[in-house]
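This report concerns only the one structure given below.
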Amino acid sequence: MRYELYYWTGIQGRGEFVRLALENARASYTDVARIEGDQAIMPFLRGEHAGALPFAPPFLRAGRLLIAQTANILAFLAPRHGLIPASSASQIYAMQLQQTITDIVAEAHDTHHPIAVEQYYEQQRAEARKRSASFCAQRIPKYLGYFEQVLERGDGHHAIGRRHSYVDLSLFQLMSGLDYAFPNAMKGLRRRTARLRALRDRVADRPNIAAYLASERRIPFNEDGIFRHYPELDES
Ligand SMILES: N[C@@H](CCC(=O)N[C@@H](CS)C(=O)NCC(=O)O)C(=O)O
């Protein structure tokens with residue numbers, strides 16, 4: 001099956017979690033807006049297609065299915081591409097972990113948009129500083145501490161089972177994004193995030209992921225995406 005991924009151009013954003021799963025599997029897919037522009041997304045959001053209605057990108061077309069919500073898309077792809085063990089206990093746990101990643105991603109977004117999604121960062125800088133201070137001091141350590149514990153409870157190297165699942169790919173992306181956006185805060189957590197760092201390196205070294213990261217398909221982190229580096233928000 002050839003998938004169609006719909007996500008905004010120019011940023012990794014939430015679409016990147018889906019891209020990583022597709023790239024890891026060497027699945028055949030078209031990143032539609034990168035070819036046709038963001039306008040390719042709009043008819044779906046206006047409900048001009050039959051079937052399921054997405055609220056926001058990313059969404060994935062798989063045959064007749066239109067699937068939105070990052071965690072939901074990953075849960076759909078994973079069993080088809082060997083990215084999750086077969087047991088329902090594993091799949092439910094994976095969804096739980098992925099939803100927790102969704103939560104911290106939303107909080108990372110809110111560090112630069114603490115007041116209004118539709119306003120520019122420059123219009124909410126003062127609030128962004130306060131929000132980021134709390135995110136760096138309290139929330140990153142709490143979430144990453146949790147994910148370290150998840151790895152410890154597993155085999156020490158994988159979130160679920162003994163092979164890399166889609167959750168591990170997403171933890172790679174989370175760690176990469178936080179390192180980009182908050183290098184100071186993350187430096188202070190180095191010793192407490194040893195397992196996550198090792199996992200991040202292992203995922204980056206997987207042949208299909210390494211090839212993807214070195215390709216033009218991997219959009220560099222930038223200040224339009226979710227993980228943005230503003231030095232004034234990373235003064236720990
Ligand atoms: N919970 C959703 C969030 C989707 C989302 O917020 N998408 C952003 C782009 S990363 C968007 O376009 N939002 C438009 C809006 O919220 O109005 C997910 O994880 O997929």
Side-chain angles (χ1 to χ4, degrees), residues 3-23 27 29 31-34 36-49 51-62 65-78 83-84 91-121 123-124 128 131 135 139 143 146-147 159 165-178 180-181 217-230:
Y3 300 107
E4 286 181 357
L5 171 65
Y6 290 80
Y7 193 68
W8 305 120
T9 53
I11 59 171
Q12 293 181 13
R14 291 177 172 92
E16 197 65 10
F17 296 95
V18 181
R19 288 195 191 101
L20 285 167
L22 293 167
E23 292 281 348
Y29 76 102
D31 207 335
V32 179
R34 290 191 77 184
E36 297 178 16
D38 286 343
Q39 67 270 14
I41 295 169
M42 302 315 290
F44 292 91
L45 301 183
R46 288 195 296 262
E48 292 169 11
H49 284 73
L53 185 64
F55 175 73
F59 48 87
L60 186 81
R61 202 134 80 147
L65 286 175
L66 189 69
I67 308 161
Q69 290 288 351
T70 309
N72 193 35
I73 298 168
L74 292 170
F76 166 79
L77 288 173
L83 275 169
I84 190 71
Q91 297 189 6
I92 289 167
Y93 191 29
M95 174 55 91
Q96 174 186 319
L97 296 174
Q98 191 65 42
Q99 297 272 19
T100 310
I101 293 170
T102 298
D103 291 343
I104 181 173
V105 167
E107 291 191 31
H109 168 274
D110 290 352
T111 60
H112 48 81
H113 278 77
I115 300 298
V117 175
E118 66 283 0
Q119 287 176 8
Y120 291 109
Y121 163 63
Q123 296 172 275
Q124 37 198 322
R131 185 69 185 252
F135 184 67
R139 303 300 284 171
Y143 277 108
Y146 168 73
F147 287 120
S165 66
Y166 71 89
V167 176
D168 291 348
L169 303 182
S170 294
L171 287 173
F172 157 82
Q173 180 64 9
L174 176 65
M175 291 297 287
S176 304
L178 292 174
Y180 173 78
R217 298 190 301 286
R218 172 79 166 183
I219 302 160
F221 284 110
N222 60 49
E223 280 54 63
D224 293 319
I226 291 174
F227 296 107
R228 302 186 185 189
H229 180 57
Y230 294 121

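Quick note: residue numbers are just sequence positions, from 1. Ligands are counted one by one from 1 in listed order, and the atoms in each one are counted from 1 as well. These figures come from a predicted structure and were not determined experimentally.
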- Query: Taking Asn72 for the side chain and Ile67 for the main chain, is one N or O donor matched with an acceptor at less than 3.5 Å?
  - Reply: no
- Among all protein heavy atoms, pick the one closest to atom 7 (N) of ligand 1 and tell me residue, atom and distance. Pro57 O, 2.8 Å
- Query: Can Arg139 and Glu107 be counted as an ion pair, charged N to O under 4.0 angstrom?
  - Reply: yes
- For the atom pair CZ (Arg217) and CZ (Arg34), what is the distance rounded to the nearest 0.5 Å? 9.0 Å
- Task: Using a strict 4.0 Å cut-off to heavy atoms of Phe55, name the atoms of ligand 1 that fall inside it.
- Result: 16 (O)
- Message: Test of understanding: given a 4.0 Å heavy-atom threshold, classify the contact between Tyr7 and ligand 1 as side chain, backbone, both, or neither.
- Response: side chain
- Message: Looking only at the side chains, is there a donor atom on one of Glu16 and Tyr7 sitting less than 3.5 Å from an acceptor on the other?
- Response: no
- Message: Check whether His113 reaches the backbone of Gln119 with its side chain - one donor and one acceptor, N or O, closer than 3.5 Å.
- Response: yes
- Top protein contact for atom 13 (N) of ligand 1, by heavy-atom distance: Ala56 CB, 3.6 Å
- Message: If I take atom CD from residue Gln39 and atom CE from residue Met42, how far apart are they, to the nearest 0.5 angstrom?
- Response: 10.0 Å
- Query: Hey, which atoms in ligand 1 end up nearer than 4.0 Å to a heavy atom of Thr70?
  - Reply: 18 (C), 19 (O), 20 (O)
- Answer side chain, backbone, both or neither: which part of Ala106 comes under 4.0 Å from ligand 1, heavy atoms only. neither
- Compare Gln69, Glu118, Arg14 and give the one whose heavy atom is closest to atom 5 (C) of ligand 1. Arg14
- Query: For the side chain to side chain contact (heavy atoms under 4.5 Å, CB included) test, which of Leu74, Leu83, Ile101 pairs with Val167?
  - Reply: Ile101
- Task: Check ligand 1 against Pro58 and write out every atom of the ligand that is under 4.0 Å from a heavy-atom position of the residue.
- Result: 20 (O)
- Query: Which of the atoms of ligand 1 are close to Trp8, meaning less than 4.0 Å from one of its heavy atoms?
  - Reply: 9 (C), 11 (C), 12 (O)
